[in-house]
Amino acid sequence: MSQQSASRITPRAEDYSRWYLDVIRQGDLAEPAEVVKGAMVIKPHGFAIWEKIQRALDDMFKETGHQNAYFPLLIPESFIKKEAEHVDGFSPELAVVTHAGGKELEEPYVIRPTSETIIGHFFQRWIESYRDLPLLINQWANVMRWELRTRMFLRTSEFLWQEGHTAHANHAEAKEEVQRMLRIYARFAEEWMAMPVICGEKTASERFAGALETYSIEAMMQDGKALQAGTSHDLGQNFGKAFDVTFQNEKGESEHVWQTSWGVSTRLIGGLIMTHSDDNGLVLPPKLAPVQVAIIPILAKNCDENQIFSACDKIQEELKAEGISAVCDKRDYKPGYKYHEWEQKGAPMRIEIGPRDLEKNQVMMKGRLEQEKTPLSMDNLRGKIQAYLDKYQTMLFERAKTRREESTINIDTYDEFKNVFAGQNSRFVYAHWDGSAETEAKIKEETKATIRCIPLDQPEEPGHCMISGAPTKKRVLFAKSY
RNA sequence: CGGGGCGUAGCGCAGCCUGGUUAGCGCACUUGACUGGGGGUCAAGGGGCCGGAGGUUCAAAUCCUCUCGCCCCGACCA
């Protein structure tokens, strides 16, 4: 096709990083804010994706008994310092407000990098009895982490996310919550984003600052690197003790609560882009595509413009009634221009309606990933379109999963391991690791590959650490990561 | 923060080394006509304090200093 020559997107094979930025620009998702370091402006088409993500996740959170609330953006600096590991983890990347109302503040505020501390403070006031537990709260918010190096959606100084914070009467219940939310993230990633993920436990060095255990979902991007797409933390009683969040149990004894926190961010959009998109631009799963069907009227010299427009409008209405989001693109551009634009914006399908179609009682349809157009009779058009979208959603997931499987390998020797990660290369590698921080650090140092997680669903397979030779029970997942 | 690259019209770039009157090109934009099934054609237009601040000079997009931002590679991280 002639698409390649007309494309304004750097091919993946030529420069993957540039491709990623080109897709975002051509897809009209976002742009660097420039006037605010490391920040981005999420444009309407990008924000529409986020809104769809929010809606789906929010429903899942509510179905599992969580309630939304909102806590202050500014956190007293002393709060951050109450949990020792938490301070160490976040101090380097805090933005601090020292002045307000024209005066220097007695105590500076930090702009929240995450809200465990301020929420801990309020949990302390809200929780008195075991009858107040579990307390299941979620917050949709913006947070700020002053990162050294930023990339749109994947790592920006300010980003949007949701953070769940829960308090429980015992550790078992908290652990259950941690797993429940991890699995919800995995389900969302696979069913909505069509992005297959590996659920696993983080090693100590990758753990959230202040957590007993961190679990994550890890997705593979098209360049073989891993993206940590969501995390769920078992905070134990660490924050409970730091903020003195206690309750009286049935026996009248005072205990510290057991807490969890879990979050996903606008980074998911970066994952969406790098999972499905191609050299022609965005490819979006129908469930998250702001526009599922782009309707393009085709006008000719002697045709009745109104007749064509009204036929397009009618189809749009029908689709809308079916819950399918369609736009009728009546702008005064040539059809070819619109084709490219909607392809770059990731619309899963487009239909064209011109004079010849009206005569034949049909439309021309083309899926985002297809080369050829196919005629579709107007009879039960909605049904056919819905069926196509459903199939497309499944196909994207299968395609991504196949790609991941093809780039996944078991490795038993360190020489082979180093070879796989040579240069900028990355894949998903399952290998045996002896569980020591030293081995983990050595591998990272020498290959840039890290342990993404200790997979939960990986079968036991006794073996020997590829470095130390020590006996192990199962393989862990290695990859370079974003 | 270390190494590298780059800021000139909305986007992509040339000009800078070797200073010189009105700062160019492609795409995009505006108006009109012809067009319209894969990024149309022709014609006429609009848009720049050359990222910012200082300095050198008769003269700065160009040379010097500082600064801000972006991109790439590291270290840190959702």
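Order of the sequence lines fixes the chain letters, A, B, ..., with proteins taken first and strands second; residue numbering starts at 1 for each chain. These numbers come from a predicted model, not from an experiment.
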Taking pairing as Watson-Crick or G-U wobble with both contacts under 3.5 Å, can you name the mate of [N], or confirm there isn't one?
N	value
B/G2	B/C73
B/G10	B/C27
B/C42	B/G32
B/C49	none

Between protein and nucleotides 28-35 of chain B, what N or O pairs are separated by less than 3.5 Å?
from  : atom 1 : to       : atom 2 : distance (Å)
B/C29 : OP1    : A/Tyr333 : OH     : 3.3
B/U35 : OP1    : A/Lys301 : NZ     : 2.9

What's the closest nucleotide to the side chain of [X] if the choices are [options]?
X	options	answer
A/Lys448	B/G74, B/A78, B/G38	B/G74
A/Arg149	B/G36, B/G39, B/A75	B/A75
A/Gln424	B/G39, B/C13, B/G74	B/G74
A/Lys444	B/G38, B/A78, B/C76	B/C76
A/Pro335	B/G37, B/C11, B/A78	B/G37
A/Ser17	B/A78, B/C73, B/G37	B/C73
A/Thr231	B/G36, B/C77, B/A78	B/A78
A/Glu343	B/C77, B/A75, B/G38	B/G38
A/Arg155	B/C76, B/G37, B/C72	B/C76

Exercise. Would you say the side-chain atoms of A/Trp19 pair up with the backbone N or O of A/Asp278, donor to acceptor, closer than 3.5 Å?
Worked result: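 Yes.
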
For this session: Determine whether more than 12 heavy atoms belonging to other residues, nucleotides or ligands lie under 6.0 Å from atom NZ of A/Lys384.
Result: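 Above 12, so yes.
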
Do [X] and [Y] make the cut of ring centroids closer than 6.0 angstrom?
X	Y	value
A/Phe417	A/Phe421	yes
A/His165	A/Phe71	no
A/His233	A/Phe208	yes

Problem set entry | Of A/Ala229 and A/Gly354, the one whose closest RNA chain B nucleotide lies more 5' |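 Whichever sits nearer the 5' end wins; that is A/Gly354.
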
For this session: Find which nucleotide of RNA chain B each of A/Arg356 and A/Phe208 is nearest to by heavy atoms, and output the residue with the more 5' nucleotide.
Result: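 Whichever sits nearer the 5' end wins; that is A/Arg356.
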
For this session: Could you check whether A/Trp161 and the base of B/A78 form a stacked pair, meaning centres closer than 5.5 Å and planes differing by less than 30°?
Result: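 Not stacked: fails the 5.5 Å / 30° test.
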
